[in-house]
Participant: 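Quick one: this structure, given as structure tokens, is what I'll be asking you about.
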Amino acid sequence: MLDVKLLRDDLAQVKERMATRGAAIDWDEFVAVDRERRDALASIERLKEKKNRLSGEIGKLKKSGVDASALMRETEEVSEAIRTGEAPLTEIEARFENFMLTLPNLPSPNVKIGKSEHDNREVRRWGEPPKFDFEPQNHWDIGENLAILDFERAAKIAGARFTVYRGAGARLERALINFMLDLHIGENGYQEMLPPALVNRAALVGTGQLPKFEEDLFHLAPGDYFLIPTAEVPLTNLHRDEILELESLPIKYVAYTPCFRSEAGSYGKDVRGLIRQHQFNKVEMVKLTEPENSYDELEAMVRNAEEVLQRLKLPYRVVELCTGDMGFGAAMTYDLEVWLPGQNTYREISSCSNCEEFQARRANIRYRKENKGKPLFVHTLNGSGLAVGRTFVAVLENYQQKDGSVIIPEALRPYMGGLTQIS
RNA sequence: GGAGAGAUGGCCGAGUGGUCUAAGGCGCACGCCUGCUAAGCGUGUGUACCCCAAAAGGGUACCGAGGGUUCAAAUCCCUCUCUCUCCGCCA
């Protein structure tokens, strides 16, 4: 959520920066609703002030035994006026809130302006795509031939966009999770968390998935719970409605969770394989920082994610998303794209964003800089460290051998009971 | 699932219809006193929103959440959420 004062004081600047996202926003609607809301609020508050004053007088009269029935009749009329004025005010406030909650974040001023992913800026590359003396296969063929992935039976028990990991495949997925967690908690200074995979509406409003993107989520009927689309949601919301101690910042969390996405509207995209599943595993990093450090912390977070790929010796590139390609809540985003020989292209495997105050405002996460000072909003950051299923894909495709087997990256062998190859 | 108890400010805790403008304490900030990291004394100490060009100032709301009764609700009634105790069930 943006600071409404910024919209009022410098709407021209906000319009201009928001336009770089390519978002169509009805600013006239905002101006009208904001005006309406303040007028209605002011008039209701004047009536309430009158009611409070009269009630106080009635109390005094009654105490001294004087008849107060005239004043009571007058107060009743004021109360009636308040009741009739409150219905439209509630409606206006709902419209105002909906506008504010569906407005995306402002891109950071130094983010490149662009329309789509084609305008993204490549920041750096690491590693060389492997050369094969045979035609490299897709991961789903490798996985099915090795009998470590079973899409067909997953479809039988669940449906499309699910998979069953089998045997060494299941163990490889688990090895990746443990490897990533150990790296982030051991050397990168994150605290390991294991949050619920179900959250309430308030949490999803806090991080920005609701109210605008409900159709992307799985909703559970009894209890009004949602399956998390990313651990960013529970981790960031841990400190909702809290005022944090300055000394506690930066807070750095890492968590492995399954993630659930409806993928409504992505029919026909990545229909085969592990790339786009309804349920997938992810190790997620979340930071809460002071505003002045947040961009340094973003750089550090990207390096933390890169380190996973480097230790696995998987070639990748770092891309800075342009204004038109960034997600709803992000002020700036770096994507890590891993090389996939089976698709002969780089594919997203991590996304690291600084949301600045956007989520902190929604979730009301603040800190106090000085003992006397007003509470300020923290900056929130999140990044994959990494998407486990896609890392599994990258291992299979980059480490595949001519005979269809897959070498286990050295860094993972301790997590695989010393296994060096899946064949 | 059944029975019961509870939820008040940064924290503890009092408060059963009208100066609650929420007592008292702790903590914190500022000041005073005191020749030594103590003790004491005084003052202050929430959040959000609205009015005002701004400041000063004023107003509204907030005692778990929502609704109701009433001229008036922390206080009475209803619903819900969460916490705790006991029972049942369960991994």
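Residue numbering restarts at 1 for every chain, and letters A, B, ... go by the order of the sequence lines. Keep in mind the model is a prediction, meaning the values are calculated, not measured.
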Participant: Between P on C50(B) and CG on Leu41(A), what's the gap in Å once rounded to a whole number?
Facilitator: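 Value for this atom pair: 7 Å.
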
Participant: Atom CZ of Phe96(A) and atom P of A48(B): how far apart are they, to the nearest Å?
Facilitator: 15 Å

Participant: Taking only the C1' atom of each, what is the distance from G67(B) to U81(B) in whole angstrom?
Facilitator: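 14 Å, rounded to whole Å.
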
Participant: Expressed as a whole number of Å, how far does the C1' atom of C84(B) sit from that of C36(B)?
Facilitator: 50 Å

Participant: Could you check Leu71(A) against Asn364(A) and say which one's nearest nucleotide on RNA chain B is further toward the 5' end?
Facilitator: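 The 5'-side residue here is Asn364(A).
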
Participant: If I take atom CD in residue Glu80(A) and atom P in nucleotide U69(B), what distance separates them, rounded to the nearest angstrom?
Facilitator: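 Distance check: Glu80(A) CD to U69(B) P gives 11 Å.
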
Participant: Please confirm whether the backbone N or O of Gly389(A) pairs with a side-chain atom of Asn281(A), one donor and one acceptor, at under 3.5 Å?
Facilitator: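 Not confirmed, Asn281(A) side chain does not pair with Gly389(A) backbone.
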
Participant: I'd like to know if Arg303(A) pairs up with Glu187(A) as an ion pair, taking the criterion as any Lys NZ or Arg NE/NH1/NH2 lying under 4.0 Å from an Asp or Glu carboxylate oxygen.
Facilitator: no

Participant: Name the nucleic acid region contacted by Arg37(A), choosing base, sugar-phosphate or nothing; use a 4.0 angstrom heavy-atom cut-off, strictly under.
Facilitator: sugar-phosphate

Participant: Calculate, to the nearest 0.5 Å, the distance between atoms OG1 and OH belonging to Thr289(A) and Tyr295(A) respectively.
Facilitator: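 Reported value, rounded in 0.5 Å steps: 10.0 Å.
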
Participant: Using the C1' atom as the point on both nucleotides, what is the distance between U70(B) and C82(B), in whole Å?
Facilitator: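 Nearest-Å result for C82(B) against U70(B) at atom C1': 29 Å.
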
Participant: Rounding to an integer number of angstrom, what distance separates A22(B) and A74(B) when you compare their P atoms?
Facilitator: 11 Å

Participant: Distance check, C1' atoms only: A7(B) and U75(B), in whole angstrom units.
Facilitator: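 Per the computed distance, 15 Å lies between those C1' atoms.
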
Participant: Would you sort out whether Glu97(A) and Arg37(A) count as a salt bridge (charged side-chain N to carboxylate O under 4.0 Å, His left out), showing the intermediate values?
Facilitator: CA-CA 10 Å; Glu97(A) 186 167 290; Arg37(A) 184 183 81 97; over 6 Å; no

Participant: Please state the P separation for the pair C49(B) and A39(B) - nearest whole angstrom.
Facilitator: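 Between the two P atoms, the distance is 39 Å.
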
Participant: Between Arg95(A) and Glu91(A), does any side-chain N to carboxylate O distance fall below 4.0 Å?
Facilitator: yes

Participant: Identify the two heavy atoms, one from Ala197(A) and one from Phe260(A), that lie closest to each other, and give their separation to 0.1 Å.
Facilitator: CB-CE1, 4.4 Å

Participant: Restricting to non-hydrogen atoms, name the atom on Phe162(A) and the atom on Ala154(A) that form the minimum distance, rounded to 0.1 Å.
Facilitator: O-CB, 3.4 Å

Participant: Would you call the rings of His219(A) and Phe226(A) parallel, tilted or perpendicular, where under 30° means parallel and over 60° means perpendicular?
Facilitator: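 His219(A) and Phe226(A): parallel rings.
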
Participant: To the nearest angstrom, how far is Ile243(A) atom CD1 from A48(B) atom C1'?
Facilitator: 12 Å

Participant: Between G10(B) and C51(B), how far apart are the two C1' atoms, rounded to whole Å?
Facilitator: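 Looking at atom C1' only, G10(B) and C51(B) are 30 Å apart.
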
Participant: Quick one: which residue pairs count as a side-chain hydrogen bond (donor to acceptor under 3.5 Å, both in side chains) with a foot in residues 154-164 of chain A, not counting sequence neighbours?
Facilitator: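 Found none.
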
Participant: Does Arg311(A) pair with Glu307(A) as a salt bridge, N-O distance under 4.0 Å?
Facilitator: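 A salt bridge is present here (some side-chain N lies under 4.0 Å from a carboxylate O).
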
Participant: Which atom pairs link the protein and nucleotides 51-54 of chain B when you take only N or O atoms and keep those under 3.5 Å?
Facilitator:
from, atom 1, to, atom 2, distance (Å)
C51(B), OP1, Arg38(A), NE, 3.1

Participant: Using atom CZ of Arg362(A) as one end and atom P of A48(B) as the other, report the distance to the nearest whole Å.
Facilitator: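 To the nearest whole Å, that distance equals 19 Å.
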
Participant: Give the rounded distance in Å between these two atoms: CG of Leu47(A) and P of A72(B).
Facilitator: 14 Å

Participant: Distance between the P atoms of C28(B) and C87(B), in whole angstroms?
Facilitator: 43 Å

Participant: Less than 4.0 angstrom from a charged side-chain N to a carboxylate O is my criterion; do Lys112(A) and Asp119(A) meet it?
Facilitator: no

Participant: For the pair Arg83(A) and Glu80(A), find out whether any cationic side-chain nitrogen is under 4.0 Å from an anionic carboxylate oxygen.
Facilitator: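 Looking at Glu80(A) together with Arg83(A), the answer is yes, because their closest N to O distance falls below 4.0 Å.
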
Participant: How would you list, by chain and number, every residue that makes a side-chain contact (heavy atoms from CB on, under 4.5 Å) with Lys50(A), sequence neighbours excluded?
Facilitator: Arg53(A), Leu54(A), Glu74(A), Val78(A)

Participant: Check whether any side-chain N or O of Ser69(A) sits under 4.0 Å from OP1 or OP2 of C71(B), and answer yes or no.
Facilitator: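 So the side chain of Ser69(A) is outside the cut-off, no N or O lying under 4.0 Å from OP1 or OP2 of C71(B).
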
Participant: Between G59(B) atom P and Ile82(A) atom CD1, what is the distance in whole Å?
Facilitator: 16 Å

Participant: Given C50(B), U47(B), C71(B), identify the nucleotide with an atom nearest to the side chain of Pro375(A).
Facilitator: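 The answer is U47(B).
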
Participant: Under a 4.0 Å N-O cut-off, is there an ion pair linking Glu297(A) with Lys287(A)?
Facilitator: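 The answer is yes: the pair qualifies as a salt bridge.
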
Participant: Quick one: Leu89(A) CG to C50(B) P, roughly how many Å, whole number?
Facilitator: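 Computing the Leu89(A):CG to C50(B):P distance gives 12 Å.
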
Participant: Do NZ/NE/NH1/NH2 and the carboxylate oxygens of Glu263(A) and Arg261(A) come within less than 4.0 Å?
Facilitator: no

Participant: Assuming nearest nucleotide by heavy-atom distance, tell me which of Tyr225(A) and Thr75(A) is located more 5' along RNA chain B.
Facilitator: Thr75(A)

Participant: Taking Watson-Crick (N1-N3 plus N6-O4 or O6-N4) and G-U wobble (N1-O2, O6-N3), each under 3.5 Å, can you produce the dot-bracket string of RNA chain B? Use [ ] for crossing pairs and | for inter-strand ones.
Facilitator: ((((((((.[[[..)..(.....]]]((((((.......))))))((((((.....)))))).[[[[[..)....]]]]])))))))....

Participant: Between the protein and nucleotides 15-19 of chain B, list every N/O to N/O distance that falls short of 3.5 Å.
Facilitator:
from, atom 1, to, atom 2, distance (Å)
G18(B), N2, Ser55(A), O, 3.0

Participant: Is there any protein nitrogen or oxygen under 3.5 Å from a nitrogen or oxygen in nucleotides 60-65 of chain B, and what are the pairs?
Facilitator:
from, atom 1, to, atom 2, distance (Å)
U60(B), OP1, Asn52(A), ND2, 3.3
A61(B), OP2, Asn52(A), ND2, 3.4

